[in-house]
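Okay, so here's the structure we're looking at.
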Amino acid sequence: MNDENTSEKNDEPASDFIRAIIERDRAAGKHGGTVATRFPPEPNGYLHIGHAKSICLNFGLARQYGGRCHLRFDDTNPSKESVEYADAIIRDVQWLGWDWGEHLYYASDYFDRMYECATELIRRGKAYVCELNTEAFKEYRGVPTRPGRESPGRQRSEVDNLDLFQRMRAGEFEEGRYVLRARIDMASPNLHMRDPVIYRIKKAAHHRTGTRWTLYPMYDFAHCLSDSFEGITHSVCTLEFEVHRPLYDWILDALELHRPQQIEFARLNLTYTVMSKRKLLELVESGVADGWDDPRLPTLCGLRRRGYTPASIRDFCRRIGVTKFDGYTDVALLEHCVREELNRTAPRAMAVLDPLKVVIENWPEDRVEELEAVNNPEDAAAGTRTVPFARELYIERGDFMENPPKKFFRLAPGREVRLRYGYFIRCREAIKDPETGRIVELRCTYDPETRGGHAPDGRKVRGTIHWVSASHAHRARVRLYDRLFTAERPDDIAEGEDWKHSLNPDSRTETEVLMEPSLARALPGDRFQFERLGYFFADPVESKPGAPVFNRIVSLKGKAPS
RNA sequence: UGCCCGAUGGUGUAAUGGUAGCACAACAGACUCUGGAUCUGUUUGUCUUGGUUCGAAUCCAAGUCGGGCAACCA
């Protein structure tokens, strides 16, 4: 694992119904007690946090039971897939911290064997070539409440089927002219069993096999065979494949091949975002999102760009559990996971987002003091640094109120607060712009006895606020991210309503911060807690050494100061 | 409407015939040189109706509600 992954608590998840099945199987000696799982993405899009759930489940199962987990690309539809997507998927799974060892596979590597399996099915009278066009096909299939009718091709002889199938492969026919179908049951209440298509003609170049094939297997045929060829023991997939399971079993039984057990679980839904490939693609292509790695997106590359750590995502996936209930997980849990990790690990620094100038009237004009500040109160080993203190400072505008309510513990006329790691200051006067009435400057005095933030007379102040020295402050661009949608469940919309209506217009705000000098040395990829503001990530793409650009990963809990 | 699957506090998830617990969220208090963190406490739950049983979240039946399935996508 790379250094992104060092801070994990290696706890296995609590047991769930899938682990219960596996433990039962192991106890019964099924599959010789071994466990082999797989994560089988189609390389036609980017991975998101929902995939992370599946990845952590499959790889986690293999780790927990001493088995193996394969990364297999389900690349059976060349018109939608590309190596670019495959490369991005590999990068994301690795970043998440998982290792498939030698077990990287492609369904397309099995095309020859699959073709053999199809001809074997024909020989066994369990598959036939069908000449129905799409409309006729649908018509013959029937509807859930009424059985379908048999295709004329269903009675074709083995010899003719073999001949036609071979000619389909040879490229003799146009797309759509023929398909190969499994011969099962046109009256089945499960539509997937009404002689499903298992091969279709598609004259598209494949990103791995080029133009060698003009026909490609359908998911239902390719997937169970790939699992079987690889010796998968437990084929874990999402709920929508539940109705495909009889077909999965039928094909492998018809061919008398090793049959893994398909187990379905509920995919992840997260509040305030969308997860479907289609919607994500639309956000990217319409320009609402700034590419697949837009930090507001739930894509793994988006979360990475935002500053989320792999360990926090793994921790999240461990906590959400695995069931067959299709619910919505509160994004607050994800945020909790990253806060918990970063609270332990992120160095603190001071930065001001919305500056208000403070002049310390009794501080000598040119005096500068270097004050010691703790880098991480949760980690003594993180050490200390110094921050410069001078006559003119900036504090957060929200940390001052002219007419404060009862529970406001920060600066106000006549009130005293502590400047973090600095001195106590008392506000004497708020200077306003005579035209606008806006407060432009605070005139304060400091207590020289309170250096470092301690009062020798033991007097207490309720508020401690962050600050930067005006003349020493560095500027940096910062992006503040908020939830992409205002609706908790953007997918739950009334009919006729556009799911994009609940997009949050304020999901990204660009501004500037004034930072303490140490932050100017931030390197791309560094994470900090800006005290009292939140956790920030030096954007790895836009930051330059000495000129960081920060993304807010997540705010701190609580309301102050903004 | 045909088939399949599901339903436990606001959210997610345990309890596998024997005290309904945990996490997140919310709220309150303690502590605090981050209104952070930490600690303590509180609120809120077994979809409904029957049945089996000494005893049901759990087993059975019916119903209600939710999800999925009718691409030559995966």
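Just so it is clear: chains get the letters A, B, ... in the order the sequence lines come, proteins before strands, and each one is counted from 1.
- Applying the 3.5 Å distance criterion, the base of B:rG35 shares a donor-acceptor pair with the side chain of A:R410.
- Ion pairing of A:E42 with A:K80 is absent here, as no side-chain N (NZ or NE/NH1/NH2) approaches a carboxylate O to less than 4.0 Å.
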- Task: Go ahead and write out RNA chain B as dot-bracket, 5' to 3': ( ) for pairs within the strand, [ ] for ones crossing earlier pairs, | when the partner sits on another strand, dots for unpaired; Watson-Crick or G-U wobble, both distances under 3.5 Å.
- Result: .((((((..((((....[..)))).(((((.......)))))....(((((..]....))))))))))).....
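- Here the separation of B:rU48 from B:rU11, taken at their C1' atoms, is 23 Å to the nearest Å.
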- Go through the steps to decide whether A:D315 and A:E341 satisfy the test side-chain contact (heavy atoms from CB on, under 4.5 Å), and finish with yes or no. CA-CA 9 Å; A:D315 186 34; A:E341 182 187 350; over 6 Å; no
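- For the residue pair A:E531 and A:H466, no side-chain donor N or O sits within less than 3.5 Å of a side-chain acceptor on the partner.
- A:T384 and A:E372 share a donor-acceptor pair across their side chains, judged by distance under 3.5 Å alone.
- Among the protein residues, A:N133 comes within range of the nucleic acid bases, having at least one heavy atom under 4.0 Å from a base atom.
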Distances under 3.5 Å between nitrogen or oxygen atoms of protein and nucleotides 36-40 of chain B:
residue: B:rG36; atom: N2; partner: A:E378; partner atom: OE2; Å: 2.8
residue: B:rA37; atom: O2'; partner: A:N343; partner atom: ND2; Å: 3.1
residue: B:rA37; atom: O2'; partner: A:E378; partner atom: OE1; Å: 3.4
residue: B:rA37; atom: O2'; partner: A:E378; partner atom: OE2; Å: 3.4

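- Side-chain contact annotation: A:T76 with A:D74, donor-acceptor N/O pair under 3.5 Å absent.
- As judged by a 4.0 angstrom heavy-atom cut-off over every strand, A:L132 is placed among the base-contacting residues.
- No side-chain N or O of A:R418 forms a donor-acceptor pair with one of A:H454 less than 3.5 Å apart.
- Looking at residues two or more places apart in sequence or on another chain, you find a salt bridge (Lys or Arg N to Asp or Glu O under 4.0 Å) between A:R483 and A:E335.
- On the P atoms, B:rU38 is 22 Å away from B:rU43, given to the nearest whole Å.
- A:Y128 and A:D195 form a side-chain donor-acceptor contact under 3.5 Å, judged by distance and modelled atom types alone.
- Residues from residues 72-84 of chain A lying near RNA chain B, meaning a heavy-atom separation below 4.0 Å, are A:D74, A:T76, A:N77, A:K80 in numerical order.
- Counting non-hydrogen atoms under 4.0 angstrom, A:M350 reaches nothing in the nucleic acid.
- Side-chain atoms of A:D491 and A:N269 include no donor-acceptor pair closer than 3.5 Å.
- Of the candidate nucleotides B:rC72, B:rC69, B:rG10, B:rC72 has the atom lying nearest to any side-chain atom of A:R200.
- Out of B:rA14, B:rG10, B:rG2, the shortest distance to the side chain of A:P144 is found at B:rG2.
- Among all heavy-atom pairs drawn from A:F17 and A:E264, the shortest one is CZ-O, 3.2 Å.
- When the nucleotides B:rG6, B:rA70, B:rA23 are ranked by their closest atom to the side chain of A:R319, B:rA23 comes out on top.
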- How does protein reach along nucleotides 62-68 of chain B, written 5' to 3' as B (base within reach of a heavy atom under 4.0 Å), S (only sugar-phosphate), or - (no contact)? -----SB
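- With RNA chain B read from its 5' end, the first of the two nearest nucleotides for A:R146 and A:I465 is the one closest to A:R146.
- Syn is the classification of B:rA71, since its glycosidic angle stays within 90° of 0.
- Minimum heavy-atom separation, A:P355 to A:Y394: CB-CD2, 3.7 Å.
- Under the 6.0 Å distance and 45° angle rule, A:R72 does not count as a cation-pi partner of A:Y106.
- There is a side-chain donor-acceptor pair under 3.5 Å between A:R38 and A:S235.
- For the OP1/OP2 pair of B:rA71 and a distance below 4.0 Å, the side-chain nitrogens and oxygens of A:R141 include at least one atom meeting the criterion.
- Distance OH (A:Y248) to C1' (B:rC4): 19 Å, rounded to an integer number of Å.
- The stretch residues 177-191 of chain A comes close to RNA chain B through A:V179, A:P189, A:L191, each having a heavy atom under 4.0 Å from the strand.
- Dashed line: the shortest gap from a side-chain N or O of A:T134 to OP1 or OP2 of B:rC72 is not under 4.0 Å.
- A:F265 comes within contact range of no nucleotide atom at all, as no heavy-atom separation falls under 4.0 Å.
- Each of B:rC24, B:rG35, B:rG6 was ranked by its minimum atom distance to the side chain of A:H336; first place goes to B:rC24.
- Between A:Y219 and A:H244, the ring planes lie perpendicular to each other; the angle is over 60°, past the 30° to 60° tilted range.
- A cation-pi contact links A:R169 to A:Y115, judged by a cut-off of 6.0 Å to the six-membered ring centre and 45° from its axis.
- A:Q262 and A:Y248 share no donor-acceptor pair across their side chains, judged by distance under 3.5 Å alone.
- Side-chain contact annotation: A:T214 with A:K202, donor-acceptor N/O pair under 3.5 Å absent.
- Looking at which nucleotide of RNA chain B each of A:H454 and A:Y328 is closest to, the 5′-most match is held by A:Y328.
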